[in-house]
Amino acid sequence: MALISAKSILENARDGHYGVPAININNLEWTKLTLEVAQEKNSPILLAVSEGAVKYMGGFNVVTQMVKALVEDLKITVPVALHLDHGSFEGSKKAIDAGFTSVMFDGSAFPLEENLAKTREIVELAHSKGISVEAEVGSIGGEEDGIVGEGELADPNECRQLAETGIDFLAAGIGNIHGVYPENWLGLNFERLGEVQAAANGLPLVLHGGTGIPADQVLRAIDLGVSKINVNTELQLAFAKGTRSYIEAGKDLAGKGFDPRKLLSEGTEEAKKVVRDKIDMFGSSNKA
Ligand code: 13P
């Protein structure tokens with residue numbers, strides 16, 4: 001199946017009261033493992049790529065071609081969107097040109113008026129090509145590929161204005177942060193999420209920082225309109241754990257255990273388990 005915009009994927013999720021995982025990919029292994037699990041679970045999926053990951057893989061065209069080729073050769077039939085995560089203004093344009101089917105323009109660091117103006121421009125460009133757009137107000141805490149946020153709560157009035165730019169889904173800070181949650185984390189702010197939902201006028205909402213959010217909070221967020229949940233760090237930790245245990249067990253020293261296809265196999269299996277768990281938790285299994 002050809003890559004599609006994330007609009008219908010997320011509107012279906014909103015209407016069906018489940019969440020769709022947006023899994024950050026870093027290389028061929030992660031792309032393949034995510035697609036394989038989505039197919040196995042019959043779940044729609046978003047492959048999210050940060051600009052840092054795009055650079056790491058060689059460029060926007062490399063990513064688009066790799067994803068398209070894997071979807072074709074692995075005979076993936078579930079809906080897949082290729083989504084730019086936390087894109088800059090220029091990066092969003094490059095992703096649109098290269099064939100991404102969805103972009104997040106993250107103008108949250110700009111003054112509101114500038115964020116709104118730039119978001120409108122990206123919306124016009126993306127929509128002329130059938131590409132969906134996510135935008136953000138109220139930076140998400142933590143650090144991801146050099147993007148650092150304070151973890152503030154989004155202002156519902158700003159959310160309303162951003163929603164009115166014509167975006168397809170909205171990311172708003174509600175106490176979520178990227179990376180592992182600290183011991184003293186207060187949890188998601190559901191009062192604010194309710195206000196954001198009312199302000200967003202029915203748009204599907206996006207929850208960043210999906211790593212380690214307890215299931216009860218995830219489900220409550222989905223109830224309040226969250227349709228896309230981003231997960232990155234949890235796969236990285238699982239992948240590292242699996243790879244570490246392979247090496248610590250001395251498997252790379254036995255026979256041809258140094259072959260990267262073997263060396264990366266345990267990490268890949270561990271990361272696959274995370275994708276399976278998230279699909280189960282978010283309720284997107286059999287929603288393809
Ligand atoms: P985590 O790394 O905390 O899972 O967050 C991922 C994310 O929000 C990507 O935008």
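Keep in mind that the numbers below use all heavy atoms, side chains included, and drop hydrogens, waters and symmetry copies. Note that ligands are numbered from 1 as they come in the structure, with each ligand's atoms numbered from 1 the same way. The structure presented is a predicted model; accordingly, all values stated were derived computationally and were not measured.
- Atoms of ligand 1 found under 4.0 Å from any heavy atom of H208, numbered from 1 in the order shown, are 8 (O), 10 (O).
- Interface atoms of ligand 1 facing G210, defined by a heavy-atom separation under 4.0 Å, are 4 (O), 5 (O).
- Distances below 4.0 Å separate heavy atoms of V231 from the following atoms of ligand 1: 4 (O).
- K118 has its side chain within reach of F110: a pair of non-hydrogen atoms, C-beta onward, lies under 4.5 Å apart.
- Checked against salt bridge (Lys or Arg N to Asp or Glu O under 4.0 Å), R192 has the following partners two or more places apart in sequence or in another chain: E195.
- Remark: ligand 1 atoms within the under-4.0 Å shell around heavy atoms of H86 are 10 (O).
- Contact check on K7 versus E11 returns a salt bridge, with a Lys/Arg side-chain nitrogen under 4.0 Å from an Asp/Glu carboxylate oxygen.
- Those atoms of ligand 1 that come under 4.0 Å of a heavy atom in N24, given as number and element, are 9 (C).
- Interface atoms of ligand 1 facing T211, defined by a heavy-atom separation under 4.0 Å, are 1 (P), 2 (O), 3 (O), 4 (O).
- With sequence neighbours excluded, the residues forming a side chain to side chain contact (heavy atoms under 4.5 Å, CB included) with E36 are K32, L74, K272, listed by chain and number.
- Of all the heavy atoms of N230, the ones lying under 4.0 Å from any atom of ligand 1 are found in both the backbone and the side chain.
- Considering backbone and side-chain atoms together, E234 places no N or O closer than 3.5 Å to any N or O of ligand 1.
- Rounded to the nearest 0.5 Å, atoms OG (S50) and CD1 (I25) are 9.5 Å apart.
- Atoms of ligand 1 found under 4.0 Å from any heavy atom of G179, numbered from 1 in the order shown, are 1 (P), 2 (O), 3 (O).
- Between K41 and D280 there is a salt bridge, with a side-chain nitrogen of the basic residue lying less than 4.0 Å from a carboxylate oxygen of the acidic one.
- A salt bridge is defined here as a Lys NZ or Arg NE, NH1 or NH2 lying under 4.0 Å from an Asp or Glu carboxylate O, and E51 with K94 fails to meet this definition.
- Interface of T233 with ligand 1, defined as ligand atoms under 4.0 Å from a residue heavy atom, comprises 1 (P), 2 (O), 3 (O), 4 (O).
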